[in-house]
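A short write-up of the structure that comes next.
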Number of protein chains: 2
Amino acid sequence: MNLKELSKHLGLSQTTVSRALNGYPEVSEATRARVVAAAQAHDYSPNTRAQGLATGHSRCIGHVISVGDSGEMVNPIFGDFMAGAGETYAEHGYDMMLTRVGERDEAETYRRLKARGAVDGIVMHAPRFNDSRLQLLDDLGLPFVVHGRSSGARVPYSYLDVNNRRAFYEATRHLATLGHRRIALINGQEKLDFAIRRRKGYEEGMEASGLIVDPALMTQDEMTEDYGYRSAVDMFDLADPPTAFLVSSIICAAGVRRALDDRDLRAGQDVSIATFDDCLSYFRNSAVPPVFTAMQSSVRAAGKALAQMLIDRIDTPGAVHVHTLWEAEFVVGGSTGPLKE
Amino acid sequence: MNLKELSKHLGLSQTTVSRALNGYPEVSEATRARVVAAAQAHDYSPNTRAQGLATGHSRCIGHVISVGDSGEMVNPIFGDFMAGAGETYAEHGYDMMLTRVGERDEAETYRRLKARGAVDGIVMHAPRFNDSRLQLLDDLGLPFVVHGRSSGARVPYSYLDVNNRRAFYEATRHLATLGHRRIALINGQEKLDFAIRRRKGYEEGMEASGLIVDPALMTQDEMTEDYGYRSAVDMFDLADPPTAFLVSSIICAAGVRRALDDRDLRAGQDVSIATFDDCLSYFRNSAVPPVFTAMQSSVRAAGKALAQMLIDRIDTPGAVHVHTLWEAEFVVGGSTGPLKE
DNA sequence: TTGAAAGCGCTACCAT
DNA sequence: ATGGTAGCGCTTTCAA
């Protein structure tokens with residue numbers, strides 16, 4: 001069933017039917033009611049493409065994930081984030097498109113997305129240090145927002161980010177408070193902005209605690225289980241092995257954990273693991289109650305917030321840029337509260 | 001830049017330019033080369049919606065996730081699966097759309113997706129027992145494939161699934177072989193088909209091992225960390241607590257693990273955790289080398305395979321239905337091979 | 001080998 | 001309050 005058929009069926013013009021369905025005021029309420037009822041009865045939904053052609057926009061949002069940062073999609077919080085964003089899009093009548101792209105074809109992909117008119121706006125994930133995509137998107141005139149930040153970028157842009165630096169600072173301090181002196185950092189690839197900030201927080205936390213930042217206790221790579229395993233195994237071979245781990249992803253942490261198990265270290269030695277995965281954190285120490293947060297609702301909320309940000313940008317292209325910084329929350333032994341308190 | 005402008009620029013008709021770009025044979029190679037070069041130079045990509053309007057298809061695939069099964073999207077393997085599917089779609093010039101829907105609006109969503117012509121086909125996730133969506137999609141005439149199966153469904157359909165029953169059978173047998181007699185099953189919601197099959201495999205494994213299937217050792221719910229934690233804590237309170245866990249999701253397993261840590265049980269007692277998450281499995285026992293698989297490549301390959309299946313269906317609507325069943329692989333102590341060997 | 005023109009389903013402008 | 005009609009950008013007959 002399309003507009004033509006529906007309007008013929010109703011004995012009205014396409015114009016009137018279209019207006020009735022789209023809430024234009026100049027349609028009599030009686031007519032509107034009749035039209036709406038008929039539309040419902042015949043399962044009529046306007047053809048997305050025709051609508052788009054006529055109006056010039058797609059009512060679709062693109063999420064672009066780089067393959068080089070494939071950890072992003074594998075990341076367990078990714079789904080939650082997308083779920084939140086999807087909710088907001090649905091509320092506003094937007095569809096959500098997912099594009100995975102090799103780092104080599106990135107520019108081309110954004111360009112084509114724009115040229116094809118496939119999306120009205122884009123959410124950029126996993127920004128790198130001084131990310132060139134910002135300039136590109138700005139040049140293209142394609143509305144976009146960023147999940148994360150890009151240090152050193154000159155282009156103004158809207159973003160939503162977690163306070164990675166602070167979170168890792170506090171986490172490091174926390175571990176130091178527990179008496180750890182050899183704290184390892186299993187980080188993501190430090191070309192990615194969040195990893196840079198996390199490392200910074202870690203280093204500041206170490207210094208503030210009067211501890212030595214040992215390069216042998218810092219690794220960076222794509223955040224796979226295997227990477228976590230290998231890093232931990234290597235570190236256990238050190239003369240002065242770590243007694244605590246600060247891990248950038250729950251997936252990595254599984255690897256670290258496996259390494260720990262392999263060595264049957266936990267029984268004898270006092271080892272802690274701390275995972276930080278955006279808003280998802282994991283602390284463990286045999287001397288204190290476990291500290292754990294898996295704030296799915298927060299991540300989902302973040303997704304919603306960023307989606308709303310983009311929709312606002314699309315509606316008001318010239319608007320001032322918005323920056324939202326979330327403080328990571330920690331749940332300590334079941335009670336909620338910032339770790340730093 | 002659009003077709004009109006491009007053709008004007010070239011001094012050709014839109015027809016010829018379109019034909020040249022779309023590989024029609026009646027265009028002279030000289031003309032084609034000129035056209036292709038110009039298109040590239042001007043960053044021309046055909047407008048998706050206009051193309052769709054003219055051809056009648058969207059070159060877009062929809063993935064629909066039900067909120068009731070929200071565990072699906074949070075599932076760490078979801079991203080990998082989507083990544084694989086996305087690759088295949090890209091190769092074939094398809095876009096990928098993600099739709100998250102409340103269980104109440106499911107039918108409506110599928111109907112609208114069809115009516116709006118938003119997608120050429122659909123991938124259905126997390127099918128339930130005798131899932132009514134199969135009939136609906138069949139009636140709608142919207143090409144679809146299923147990630148998983150639906151027991152009791154009368155509609156023929158194509159699917160790709162993991163052999164959940166066998167995997168849980170083998171896992172249970174494995175744990176029994178290690179000497180465990182009290183093996184717990186922390187399962188997903190048993191309205192979901194995969195959970196039903198996993199339970200079946202578990203029960204068969206218990207019986208084959210001469211062990212008693214104790215309802216007190218079986219739970220089912222949405223697979224969150226908290227659910228895993230609560231289930232394990234409750235079971236530890238039993239007079240005859242479990243010594244091993246078979247867990248349906250790595251997220252849940254984190255909860256079980258936390259419960260174990262809480263009780264400081266692992267040091268004194270011989271407790272194993274076995275997680276199964278589609279192709280991602282985790283076994284642990286202090287008496288044997290750790291058993292672990294995180295077959296991201298497999299999950300990705302599964303995504304690719306299912307996407308290809310759908311594309312084939314779209315291209316050949318009447319074709320016979322395809323069923324692909326993957327055997328879960330296990331990596332035991334670093335060596336790869338089926339657990340059952 | 002190339003071009004003119006109809007039409008995909010809708011919106012929006014201009015009449016009435 | 002309602003209708004006629006001109007596009008939106010492309011593909012696809014049909015003609016030349």
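Both backbone and side-chain heavy atoms feed into the values below; hydrogens, waters and symmetry mates do not.
- In this structure A:Q135 satisfies the side chain to side chain donor-acceptor pair (under 3.5 Å) test together with A:D139, sequence neighbours excluded.
- Look at CD on B:E26: it is 14 Å from C1' on D:dA16, rounded to the nearest Å.
- Taking atom CG of residue A:L10 and atom C1' of nucleotide D:dG3, one finds them 14 Å apart after rounding to whole Å.
- Proximity of a side-chain donor or acceptor of B:T324 to a complementary backbone N or O of B:L160 within less than 3.5 Å is not detected.
- Here the NZ atom belonging to A:K114 is positioned 9.5 Å from the CG atom belonging to A:D120, to the nearest 0.5 angstrom.
- Using a 4.0 Å cut-off between charged side-chain N and carboxylate O, B:K8 and B:E5 make no salt bridge.
- To the nearest angstrom, C1' of C:dT11 lies 12 Å from CG of A:L21.
- Side-chain N/O atoms of A:T16 include none lying less than 4.0 angstrom from OP1 or OP2 on D:dT2.
- Taking the six-membered ring where the residue is Trp, the centroids of B:H63 and B:Y89 are separated by under 6.0 Å.
- Protein atom CD of A:E29 is 15 Å distant from nucleotide atom C1' of D:dT2, rounded to whole Å.
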Per-nucleotide pairing state of DNA chain D [Watson-Crick or G-U, under 3.5 Å; [ ] pseudoknot-crossing; | other strand]:
||||||||||||||||
Please encode protein proximity along nucleotides 5-12 of chain D as a string of B, S and -, counting only heavy-atom distances under 4.0 Å.
B-BBBBBB
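- A ring-ring contact (aromatic ring centres under 6.0 Å, His included) with B:H125 is found for one member of B:Y159, B:F194, B:F81 and no other, namely B:F81.
- A donor-acceptor pair under 3.5 Å is absent between the side-chain atoms of A:R111 and the main chain of A:L140, judged by distance alone.
- With no hydrogens or angles considered, no side-chain donor-acceptor pair links B:D193 and B:S150 at under 3.5 Å.
- Nucleotide C:dG9 holds its P atom 12 Å from the NZ atom of A:K8, rounded to whole Å.
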